[in-house]
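Notes follow once the structure below has been shown.
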Amino acid sequence: VFVASCLLDIYAKNGALLDAQKVFSKLPHKNLISWTALIAGYADHGPGQVAIKCLEDMKSHGVSPNSVTYICVLKACSNLKSLADGRNMHSEIVMKGFEEEAVVSSSVVDMFCKCGSLQDAYKTLKSLKVRDIVSWNALIAGYTEHGPSQEVLVHLEQMEAEKISLDAVTFVYAIKACGNSGAVEQGQGLHLQIAQKGLENDTFIASTLVDMYSKFGLIIDAQYVFERLSVRDVVSWNAIIKGYGMNHAGKKAVKCFEDMIREGMKPDTVTFTCILSACSHGRLVCKGKEIFKLMSTVHGVVPVLDHYNCMIDMLSRAGCINEGLRFIDTMPCSPS
RNA sequence: AGAACGUCGUACUA
């Protein structure tokens with residue numbers, strides 16, 4: 001039975017839902033753990049409706065869901081963006097008293113944000129007896145993605161008023177919101193706080209700062225953050241390459257790309273959209289064509305629609321209409 | 001007893 005449970009979990013985690021379902025149906029005694037593992041599989045890999053259906057089946061088989069089960073079903077509601085299902089789950093959770101648990105309440109807040117209802121998310125958060133940092137971060141994430149960016153800064157103040165110290169996740173969202181809304185002064189203020197807390201070297205924060213400064217047009221500051229970063233991953237490189245491209249520094253973008261390769265960093269599909277777009281905006285047609293060729297041959301990255309669009313854009317900007325048309329003929333997918 | 005669980009960064013996500 002343990003072996004079957006583990007197997008079920010492995011299948012569910014990998015999205016092999018048919019296999020998971022098969023193992024599950026052969027279990028002689030389906031308990032809380034096996035039901036939840038199955039639901040987790042459907043929540044992560046879809047279809048989410050099945051996860052919700054499983055919860056009903058589970059209850060009708062006389063097995064009571066616990067907080068973990070509800071967290072998984074909430075994730076399914078998020079993926080479905082189904083506010084109606086989410087609200088139903090929330091009422092059930094409140095009725096059963098699971099909302100007292102921070103892991104559950106933060107998941108509820110996150111679910112409401114992902115279903116597009118910042119109001120429900122905020123109302124839930126405010127009604128909680130204990131608001132932990134994760135619940136706040138989930139709300140701020142929601143406002144960063146869907147809401148007015150000024151609200152993000154208002155919520156930061158509320159957090160500080162509640163004496164919750166901002167963590168790396170909070171800062172990532174806050175500076176992202178500043179970048180999206182052009183809030184230069186607030187962004188600089190947050191950067192100062194980040195430096196004071198010694199979080200400047202956090203890879204996630206640094207990449208977001210690079211992106212924020214690039215969006216402000218302050219490429220010098222973006223470069224400063226990038227250069228001081230001791231451990232750079234592919235996202236930090238992509239962010240600075242994109243930054244140069246956005247700020248009319250195509251040649252620097254190319255140089256940066258070449259540095260990246262020289263340092264042994266493996267470029268990914270995003271790297272190539274950034275660098276090809278930089279070549280396009282900087283009229284670096286030869287370089288762009290060269291990089292496009294190396295992309296699949298040397299770096300093993302399969303070009304997708306975005307890359308082709310960059311190339312067509314680049315060729316047509318340079319006036320090479322015929323070459324652009326010929327290029328379209330070589331595309332495996334249809335152009336947009 | 002053990003096995004299931006929450007908020008993050010760079011494209012696209014219209």
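Note: hydrogens, waters and symmetry copies are ignored here, and every other heavy atom, side chains too, is used. Numbered from 1 within each chain, the chains take letters A, B, ... in sequence-line order.
Relative ring orientation between A:Phe98 and A:Tyr70 is described as tilted, the plane-to-plane angle lying within the 30° to 60° band. Classified by interplanar angle (parallel below 30°, tilted 30° to 60°, perpendicular above 60°), the ring pair A:Phe24/A:Trp35 is perpendicular.
Counting non-hydrogen atoms under 4.0 angstrom, A:Ser106 reaches a base of the nucleic acid. Heavy atoms of A:Thr36 sit under 4.0 angstrom from at least one base atom. Counting non-hydrogen atoms under 4.0 angstrom, A:Asp202 reaches nothing in the nucleic acid. The residue A:Asp268 sits apart from the nucleic acid: no heavy atom pair falls under 4.0 Å. In this structure, A:Thr271 reaches neither bases nor backbone, as no heavy-atom distance under 4.0 Å exists between it and the strands shown. Note on A:Asp44: nothing from the nucleic acid sits closer than 4.0 angstrom, heavy atoms only. Among the atoms of the strands shown, base atoms are found under 4.0 Å from some heavy atom of A:Asp132. Among the protein residues, A:Ala206 comes within range of no part of the nucleic acid, since none of its heavy atoms lies under 4.0 Å from any strand.
The six-membered or imidazole ring of A:Tyr143 lies near that of A:His155, with a centre-to-centre distance under 6.0 Å. For A:Phe226 and A:Tyr213, the ring centers are positioned 6.0 Å apart or more.
Nearest to the side chain of A:Cys6, among B:C5, B:G9, B:A3, sits B:A3. Side-chain atoms of A:Cys274 lie closest to B:U10 of the nucleotides B:U10, B:C5, B:G9. For A:Val169, whose side chain is taken as the heavy atoms from C-beta onward, the closest listed nucleotide among B:U10, B:A4, B:U7 is B:U7. With distances taken from any side-chain atom of A:Asp9 to the nucleotides B:G6, B:U10, B:A3, the minimum falls on B:A3. The nucleotide whose nearest atom lies closest to any side-chain atom of A:Ser236 is, among B:G6, B:G9, B:A3, B:G9. For A:Val235, the side-chain atoms get nearest to B:U10 when compared with the rest of B:A3, B:U10, B:U7. Of the candidates B:U10, B:C5, B:C8, the closest approach to any side-chain atom of A:Val270 belongs to B:U10.
By the criterion of a centre-to-centre distance under 5.5 Å and near-parallel planes under 30°, the ring of A:Trp136 forms no stack with the base of B:U7.
Between A:Asn137 atom CG and B:U7 atom C1' there is a gap of 5 Å when expressed in whole angstrom units. Between the P atom of B:A14 and the CG atom of A:Asp306 lies a distance of 13 Å, rounded to the nearest Å. When rounded to the nearest whole Å, the span between CG of A:Leu74 and C1' of B:G6 equals 10 Å. We find that NE2 of A:His29 is positioned 17 Å from C1' of B:A3, with the value rounded to whole Å. The nearest whole Å value for the distance from the CG atom in A:Leu125 to the P atom in B:G6 is 19 Å. Here B:U10 presents its C1' atom at 12 Å from CG of A:Asn180, a figure rounded to the nearest Å. Straight-line distance from the CD1 atom of A:Ile39 to the P atom of B:C5: 13 Å, rounded to whole Å. Going from atom CG of A:Leu199 over to atom C1' of B:G9 covers 14 Å, rounded to whole Å.
The base of B:G9 lies outside donor-acceptor range of the side chain of A:Thr208, with no N or O pair under 3.5 Å. Side-chain atoms of A:Ser107 and base atoms of B:G6 include no donor and acceptor less than 3.5 Å apart.
Rounded to the nearest 0.5 angstrom, A:Tyr173 OH and A:Thr144 OG1 are separated by 7.0 Å.
Under 3.5 Å, the side chains of A:Asp167 and A:Asn137 contain a donor-acceptor pair of N or O atoms. A:Gln223 and A:Tyr244 form a side-chain donor-acceptor contact under 3.5 Å, judged by distance and modelled atom types alone. Side-chain polar atoms of A:Thr208 and A:Asp211 form no donor-acceptor pair below 3.5 angstrom.
When the P atom is used for both B:U10 and B:A14, the distance is 15 Å, rounded to whole Å.
Taking the salt bridge (Lys or Arg N to Asp or Glu O under 4.0 Å) definition, one finds that A:Asp233 meets it with nothing, sequence neighbours left out.
Considering only side-chain N and O atoms, A:Lys13 lies under 4.0 angstrom from the phosphate OP1 or OP2 of B:C5. The shortest distance between the side-chain N/O atoms of A:Lys176 and the OP1/OP2 oxygens of B:C8 is not below 4.0 Å.
Near RNA chain B, defined here as any heavy-atom distance below 4.0 Å, there are no residues from residues 77-101 of chain A.
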